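Beneath this line is the structure, given in structure tokens, with notes to follow.
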Protein chains: 2
Amino acid sequence: MIETPYLLFLGDAPDMLAAKVAIGIKDWRPENAVAQFRLPGCGADLGLADMTLAEAKAAGAKTLVIGVANRGGVISAAWKEVLIEALEMGYDLASGLHNLLRDEGDLVAAAQTHGGTLHDVRVPTVGYPIANGVKRTGKRCLAIGTDCSVGKMYTALSIDAEMQTRGMKSTFRATGQTGILITGHGVPLDAVIADFMAGAVEYLTPDNDDDHWDHIEGQGSLFHVSYSGVTMALVHGGQPDALILCHEPTREHMRGLPGYDLPTLERLRDTALPLAQVANPGCQVVGISVNTQHLSEDEAVTYLAEVEARMGLPAVDPFRHGAGRLVDALDAI
Amino acid sequence: MIETPYLLFLGDAPDMLAAKVAIGIKDWRPENAVAQFRLPGCGADLGLADMTLAEAKAAGAKTLVIGVANRGGVISAAWKEVLIEALEMGYDLASGLHNLLRDEGDLVAAAQTHGGTLHDVRVPTVGYPIANGVKRTGKRCLAIGTDCSVGKMYTALSIDAEMQTRGMKSTFRATGQTGILITGHGVPLDAVIADFMAGAVEYLTPDNDDDHWDHIEGQGSLFHVSYSGVTMALVHGGQPDALILCHEPTREHMRGLPGYDLPTLERLRDTALPLAQVANPGCQVVGISVNTQHLSEDEAVTYLAEVEARMGLPAVDPFRHGAGRLVDALDAI
């Protein structure tokens with residue numbers, strides 16, 4: 001559990017793309033984003049107040065979150081100076097960088113001296129159990145994709161936000177680095193030992209109120225040969241009551257796998273649903289989320305109408321048109 | 001790679017069941033089993049010569065393999081004495097125990113002093129890549145089960161042995177602790193980090209001659225919610241050309257999962273084959289291996305005939321009746 005709220009460290013990010021994690025936090029948990037901290041030359045701007053470490057501390061910030069990718073995989077001297085000063089002032093640090101905070105001796109020393117915590121969200125910190133398959137109370141929704149990176153996290157966050165707005169009981173359950181930094185907790189599923197993957201998902205989504213929805217962040221795809229095992233653990237460990245199919249219609253082959261075609265939405269449905277019903281016989285496919293960012297508004301509307309007619313399920317781009325119809329569909333089961 | 005041949009350490013195993021790993025080595029790689037080493041009170045006997053460490057060393061043994069489970073998860077003082085003496089004499093040690101050799105300070109010290117290697121086969125030693133899905137040359141067969149522990153390893157070893165007898169090119173590829181100790185190498189798949197599972201299987205079964213068969217040891221089951229992610233990584237990382245369906249007909253529920261029914265062989269076929277065809281469109285289901293140990297000979301023959309007629313595929317118990325018909329089926333594709 002990472003202490004909130006955050007001061008978002010953008011460092012010397014050359015552009016907004018490099019600040020993807022910080023943008024996610026600001027978009028999805030604005031109440032966690034006290035301010036931004038930028039170094040000279042920073043080309044990203046979240047539109048938040050720029051604060052010094054002391055100002056943000058006074059405004060309540062507990063953790064300095066590295067919300068930016070580092071260049072060349074090295075934590076630079078310019079960054080170090082800020083990170084160490086933050087620890088000296090009583091901040092914790094949180095990072096999803098490939099090179100770990102805990103591998104930097106000076107950060108470890110400063111954290112020990114000042115009682116701060118270094119959160120490397122790529123590294124599991126819990127000894128997860130083997131999954132036991134016991135049915136849990138509460139409801140669960142899993143976004144499942146024709147491919148990797150088709151908008152599964154965004155879909156789950158959108159649905160969670162819409163349920164919150166409606167006053168429904170709802171929690172987003174992060175399974176990846178960005179999701180964990182956005183919400184402050186979760187399971188870095190791709191870094192869990194194989195035997196414990198499904199158990200980690202059970203741990204992440206425990207018993208809950210009968211009318212509570214967990215929205216489990218999807219990973220990979222059952223059709224992506226590099227990561228399908230991780231997806232399978234989500235399908236079985238998650239025990240979803242509802243699946244949302246996610247798709248990006250302009251992709252020409254599976255991400256990183258030239259020669260591998262994307263499955264159709266029908267094939268995804270017919271593959272995922274029987275597998276999900278092994279763990280939860282009542283599971284249903286309730287809707288379709290399409291990432292239409294590479295389509296014009298007209299193309300998007302036409303494509304969504306075609307998919308909706310073909311599949312007999314609500315088909316929306318939650319970023320473009322809101323997640324309301326997906327929430328309606330979930331609320332009806 | 002564990003150096004062969006072995007001296008098989010049976011310790012104070014109370015009975016044959018406790019010596020399962022040693023029995024596997026003796027049954028499947030008798031050329032690797034120089035002799036057995038037993039402590040007073042040992043209730044297991046492989047029918048091998050009993051040798052001292054010195055005698056087995058003179059007979060060529062390179063590695064002392066702990067072929068037995070330890071009681072209470074503790075490496076006892078009586079074992080330690082033998083293990084340290086073996087290191088002093090130039091043996092390597094290999095173990096699939098849950099508690100690791102490398103966590104025992106006195107064994108580590110003795111190994112360092114005498115230049116020996118401690119092989120804990122539960123721990124991956126290779127930095128496996130992310131799977132790239134590129135089609136590999138050579139042929140691959142994967143045994144896939146309705147449940148865990150239905151005879152997948154035994155099936156793969158039987159088919160490999162029959163192919164060797166016929167002079168065909170064939171390799172058994174171990175993915176679990178017992179298989180690794182039997183053959184001296186492999187990938188402990190259940191201990192690999194999630195993101196690298198499929199890549200580890202690709203690493204295990206590289207390009208080979210067009211007429212060479214890899215027999216990949218299966219793990220878990222697509223229908224076992226605790227371990228299905230590991231099975232999925234085998235299906236996609238293995239790129240099998242052929243699937244053998246494995247089943248144990250007397251089991252009342254999925255192993256360790258009361259309330260979870262076993263799938264039918266039809267359902268296993270219809271689930272596994274389309275998933276396997278994602279990575280290898282030419283994949284076929286070629287036969288069925290039934291573990292009939294809990295059936296009488298008459299019951300077994302009747303059951304196998306019924307399955308064979310129903311499924312239209314050769315159905316055999318390779319332990320009871322040999323793997324010949326499965327090899328015939330593989331050789332025909």
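What you see is a predicted model, and the numbers here were worked out from it, not measured in a lab. Quick note on labels: first sequence line is chain A, next is B, and so on, each numbered from 1.
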*Identify the two heavy atoms, one from Val21(A) and one from Leu181(A), that lie closest to each other, and give their separation to 0.1 Å.*
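What the structure gives for the nearest pair is CG1-CD1, 3.6 Å.
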Not counting sequence neighbours, which residues clear side-chain contact (heavy atoms from CB on, under 4.5 Å) with [X]? List them please.
X	answer
Ala276(A)	Val235(A), Pro240(A), Leu243(A), Cys283(A)
Val201(A)	Leu189(A), Leu234(A)
Ile193(A)	Phe196(A), Ile193(B)

Flag side-chain contact, heavy atom, 4.5 Å: [X] against [Y]:
X	Y	value
Ile182(A)	Ile180(A)	no
Ile75(A)	Leu97(A)	yes
Ile244(B)	Leu142(B)	no

Counting heavy-atom pairs closer than 4.5 Å to chain A, which one of [options] comes out on top?
options	answer
Pro274(B), Ala198(B), Gly133(B)	Gly133(B)
Gly220(B), Pro124(B), Ala194(B)	Ala194(B)
Ile130(B), Val225(B), Leu222(B)	Val225(B)

_Interface moiety of Val192(A) toward chain B, non-hydrogen atoms closer than 4.5 Å_ = backbone
*Decide yes or no on side chain to side chain contact (heavy atoms under 4.5 Å, CB included) for Leu93(B) and Ile66(B), but give the supporting numbers first.*
CA-CA 8 Å; Leu93(B) 302 184; Ile66(B) 300 178; 5.7 Å; no
Quick check - list every chain B-chain A donor-acceptor pair under 3.5 angstrom, one line each.
residue: Ala131(B); atom: O; partner: Ser226(A); partner atom: OG; Å: 2.6
residue: Gly133(B); atom: O; partner: Tyr260(A); partner atom: OH; Å: 2.6
residue: Asp190(B); atom: O; partner: Asp195(A); partner atom: N; Å: 3.1
residue: Val192(B); atom: O; partner: Ala194(A); partner atom: N; Å: 2.8
residue: Ala194(B); atom: N; partner: Val192(A); partner atom: O; Å: 2.8
residue: Asp195(B); atom: N; partner: Asp190(A); partner atom: O; Å: 3.1
residue: Ser226(B); atom: OG; partner: Ala131(A); partner atom: O; Å: 2.6
residue: Ser228(B); atom: OG; partner: His236(A); partner atom: ND1; Å: 2.6
residue: His236(B); atom: ND1; partner: Ser228(A); partner atom: OG; Å: 2.6
residue: Tyr260(B); atom: OH; partner: Gly133(A); partner atom: O; Å: 2.6

